[in-house]
Amino acid sequence: MNEPNSELKTPYAHGIWFAHGVRAAFSVPGLILASAFVGFAGLARDAGLTLAQTVFMTGMVWALPGKVVLVGAIMTGASLPAAAFAVALSSVRLGPMVVALTPEMRTPATRKWVLYLLSHFVAVTSWVLAMDRLKHVPRPMRTTYYGGLGSTLVLFNMGVVAVVYLIAAQLPPALSAALFFLTPLYFVTSLWGSAREKAGQLAMVFGLLLGPVFHLLTPGFDLLATGLVAGGAAFGIHILAQRRQAA
């Protein structure tokens with residue numbers, strides 16, 4: 001952790017920290033993510049995608065919700081522009097994650113193309129793991145560490161999708177569905193544990209309570225409405241609490 005900067009610039013140091021990132025991918029969050037891709041592989045097969053298309057989609061789209069949206073668009077016969085817009089809209093949520101993660105990795109010597117490349121690996125699992133563990137990584141090694149973490153998650157799950165696609169017909173539908181829903185459960189618990197302020201946890205509580213209500217009141221816009229109201233309310237309470245402390 002306290003190595004001199006000269007030692008951190010050696011290829012050996014980069015290799016060591018890349019290996020640490022690879023190892024971090026094989027964790028409970030990484031395994032839960034892989035279990036969710038089991039369900040995705042079955043979904044893609046049922047939608048009529050070929051093995052090559054499914055594996056390629058896993059690597060290129062990466063974030064699981066975006067892939068599910070794309071497969072859903074294929075199944076409903078949506079046009080290419082409509083499908084592209086839907087996938088892009090589902091991926092907007094990754095923008096703030098990239099904005100939050102980049103300052104944790106960047107140094108004055110970091111090249112922009114490296115950050116652009118690493119941003120492709122940003123999804124909830126890799127983001128949560130990185131935000132939790134990068135503080136223990138020397139700053140000059142953080143892009144290397146995240147490169148090992150992100151690339152391993154992508155490549156490993158491409159392999160998982162390929163294997164499951166070939167045996168999907170033998171899995172009970174109930175098992176595939178159960179594995180698929182492990183991911184949102186993990187997202188909730190991980191985001192709760194990694195929240196740096198109480199406002200984040202408060203927003204999650206509000207969201208869980210208001211989600212079913214908005215699903216009945218504004219179907220089709222329920223997630224957007226829930227996020228705006230729950231997040232806005234939590235932020236407002238957070239600002240009021242800070243003002244009271246300052247007073």
Distance check, rounded to the nearest 0.5 Å: Arg23 atom CZ versus Phe18 atom CZ?
14.0 Å

Inter-residue atom distance Leu33.CG - Leu31.CG, 0.5 Å rounding
9.5 Å

Taking the side chain as everything from C-beta on, heavy atoms only, tell me whether [X] gets closer than 4.5 Å to [Y].
{"X": "Thr125", "Y": "Leu64", "value": "no"}
{"X": "Leu94", "Y": "Met97", "value": "yes"}
{"X": "Gln201", "Y": "Val205", "value": "no"}
{"X": "Ser27", "Y": "Leu129", "value": "yes"}
{"X": "Pro138", "Y": "Tyr145", "value": "no"}

Using a 3.5 Å cut-off and no angle test, enumerate the donor-acceptor pairs between side-chain atoms of residues 117-124 and protein atoms at least two apart in sequence or in another chain.
unit_1 : atom_1 : unit_2 : atom_2 : d
Ser119 : OG     : Tyr116 : O      : 2.5
His120 : NE2    : Gly59  : O      : 2.8

More than 12 heavy atoms of other groups within 6.0 Å of [X] [atom1]:
{"X": "His215", "atom1": "NE2", "answer": "no"}
{"X": "Lys112", "atom1": "NZ", "answer": "no"}
{"X": "Phe85", "atom1": "CZ", "answer": "no"}

Would you name the heavy atoms of [X] and [Y] that are closest together and state the gap between them?
{"X": "Val213", "Y": "Leu209", "result": "CG2-O, 3.8 Å"}
{"X": "Arg142", "Y": "Met105", "result": "CB-CA, 4.0 Å"}
{"X": "Ala25", "Y": "Thr152", "result": "CB-CG2, 3.7 Å"}
{"X": "Pro96", "Y": "Arg93", "result": "CD-O, 3.2 Å"}
{"X": "Gly207", "Y": "Ala230", "result": "N-CB, 3.5 Å"}
{"X": "Arg139", "Y": "Pro103", "result": "NH1-O, 2.9 Å"}

Decide yes or no on side chain to side chain contact (heavy atoms under 4.5 Å, CB included) for Phe214 and Leu228, but give the supporting numbers first.
CA-CA 11 Å; Phe214 281 112; Leu228 290 174; over 6 Å; no

Using the side chain to side chain contact (heavy atoms under 4.5 Å, CB included) rule, take Leu153 and Trp62 through it: C-alpha gap first, then chi angles, then the decisive distance, then the call.
CA-CA 10 Å; Leu153 286 173; Trp62 178 223; 3.9 Å; yes

Check residues 46-58 and write down every donor-acceptor pair under 3.5 Å in which the side-chain atom is one partner and the other belongs to a residue at least two apart or another chain.
unit_1 : atom_1 : unit_2 : atom_2 : d
Thr50  : OG1    : Gln53  : N      : 3.1
Thr50  : OG1    : Gln53  : OE1    : 3.4
Gln53  : OE1    : Thr50  : N      : 2.9
Thr54  : OG1    : Thr50  : O      : 2.9
Thr58  : OG1    : Thr54  : O      : 2.9

Taking a hydrophobic cluster as the set of Ile, Leu, Val, Met, Phe, Trp and Tyr residues connected by side-chain heavy atoms closer than 4.5 Å, whether directly or through intermediates, do [X] and [Y] fall within one such cluster?
{"X": "Val38", "Y": "Phe26", "value": "yes"}
{"X": "Leu208", "Y": "Val229", "value": "no"}
{"X": "Met60", "Y": "Met158", "value": "no"}
{"X": "Met204", "Y": "Leu202", "value": "no"}

In residues 70-83, what donor-acceptor pairs under 3.5 Å come from side-chain atoms, sequence neighbours left out?
unit_1 : atom_1 : unit_2 : atom_2 : d
Thr76  : OG1    : Gly72  : O      : 3.1
Thr76  : OG1    : Ala73  : O      : 3.1
Ser79  : OG     : Ala82  : N      : 3.4

Between Phe37 and Phe40, how do the two ring planes meet: parallel, tilted or perpendicular, split at 30° and 60°?
perpendicular

Kindly determine whether Met141 and Val137 satisfy side chain to side chain contact (heavy atoms under 4.5 Å, CB included), including the steps that lead there.
CA-CA 7 Å; Met141 294 291 106; Val137 179; 4.0 Å; yes

Any chance you could lay out the side chain to side chain donor-acceptor pair (under 3.5 Å) test for Arg133 and His136, step after step, and finish with the verdict?
CA-CA 6 Å; Arg133 303 184 184 188; His136 304 299; over 6 Å; no

